[in-house]
Engineer: 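Dropping a structure here in structure tokens format, bear with me for questions.
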Amino acid sequence: VSASSVVSRARIGGLTAYTVVLIGAEIIGAVRGAPAAAIVDGVMAAIAIGQAMRTTDPALRRLVAVLALIALSRTLSVVLPYRGLPPLAWNAAVNATVLAGAAVGTRLFEDPVRTANLRLRRPRVDVLLAALGLPLGLVGSVVLHPSPLVQGGGAGAIVAEVVVLLGLAAVAEELLFRGLLLSASRDVLTSNREATLYGAGVAAALYLGTASLGYIALMALAAAGLAEARWRGASLWGLTACRGAALVVMALLAR
Amino acid sequence: MTWTITAGVAASTRANSFAALSSTVGAILIGLLVVLLLLRELRRIRARPGDREAGEVIDVLLAPLLLAYPLIVVVRLLLLLQ
């Protein structure tokens, strides 16, 4: 058995094991409630970070650390007082912590700017993506019928929604999933297509708690589309504009 | 129902006892935070080959934890004062 085959097997084994636990925690959360899922995620994050510290394989270290961050973000969203905060403030707090972890996570990669996808390489693709966010939000709204994040309020409330959804929620999600997770999983799976499918599967699994098959499917398609756009030259800004526009449209239609 | 990436957690949290879950999960995270801080300091003192990479891995989880705890404390204090 060659050394590269052993490394490859270890990488796939690590990816499979932690992904199964992550998705399993989401299923537990959908069936038994967020507390049970948060405990599984918290324990997984601790074990994963221990392995990421010990391994000498940089690709496996990056992937396991990113999966640990995703698990920790689920746990933190339970610990942050949902009942004591208005929904918009709770969203802002959760996404700020995720964004902090994702920003630090880019340092695990050889080229953090490239991993975060900060450079504008194909502005036309970015503009097209931003425009596609509007129909995505419209379809999401029809499929999910979300309740409003802010009850009433005037222009100030709308500005706050836009700032939180575009500047925090969308940036955090795109940096974590289309930045870190896609880059790390491509290094392990060695193919853009496989990384796209894997990233879409993980992202969709995190919506299991919505209990809407239509919305989960829509998010899987959106994640795959955004990943494909990233491989074709879209920047973090274009991806964020698409996801953020979709979230803002849903927020405005829910009011 | 909220509908960002944390939508599932929000929906489920509404349906469960927040006090019970936050104390259990919070205890796990406080333990994790303490262990990570200790490990980071140990690695910094030892400075062996590979410790820099391990330190960077620790920072990935420390950053959100260190931001979350002041937020939790401030929000809970405000709730107590209400």
Engineer: Can you name the nearest heavy-atom pair linking B/P64 to A/L72, along with the distance?
Structural biologist: CG-CD2, 3.8 Å

Engineer: Let me confirm one number: the CG-OG1 distance from B/L66 to A/T97, rounded to the nearest 0.5 Å.
Structural biologist: 11.5 Å

Engineer: I'd like to know which of B/L39, B/L67, B/V57 tops the heavy-atom pair count under 4.5 Å against chain A.
Structural biologist: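 Ranked by contacts with chain A, first place is B/V57.
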
Engineer: Measure the CE-CZ distance between A/M53 and B/R40 for me, rounded to the nearest 0.5 Å.
Structural biologist: 11.5 Å

Engineer: Under a 4.5 Å heavy-atom cut-off, does chain A meet the side chain of B/L36, its backbone, both or neither?
Structural biologist: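 The answer is the side chain of B/L36.
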
Engineer: Identify the heavy atoms of B/E56 and A/R107 that sit nearest to each other, and give their distance.
Structural biologist: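 Closest pair (atom of B/E56, atom of A/R107, distance): OE1-O, 3.8 Å.
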
Engineer: Take B/V75 and A/L80, measure what side-chain contact (heavy atoms from CB on, under 4.5 Å) needs, and give me the verdict at the end.
Structural biologist: CA-CA 9 Å; B/V75 170; A/L80 283 160; over 6 Å; no

Engineer: Using a 4.5 angstrom heavy-atom cutoff, name the option from B/G31, B/A54, B/G55 with the most pairs to chain A.
Structural biologist: B/A54

Engineer: For A/A103, is it the side chain, the backbone, both, or neither that has a heavy atom closer than 4.5 Å to a heavy atom of chain B?
Structural biologist: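 Neither part; nothing is under 4.5 Å.
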
Engineer: Under 4.5 Å heavy-atom distance to chain A, tell me which part of B/L61 shows up: side chain, backbone, both or neither.
Structural biologist: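 Both parts, heavy atoms under 4.5 Å.
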
Engineer: Taking the side chain as every heavy atom from C-beta outward, state whether A/L76 and B/L65 have any atom pair closer than 4.5 Å.
Structural biologist: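 Side-chain contact under 4.5 Å: yes.
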
Engineer: Can you see which heavy atom on B/A63 is nearest to which on A/A100, and at what distance?
Structural biologist: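 That would be CB-O, 3.9 Å.
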
Engineer: Does any backbone or side-chain atom of B/L78 lie under 4.5 Å from a heavy atom of chain A? Answer side chain, backbone, both or neither.
Structural biologist: neither

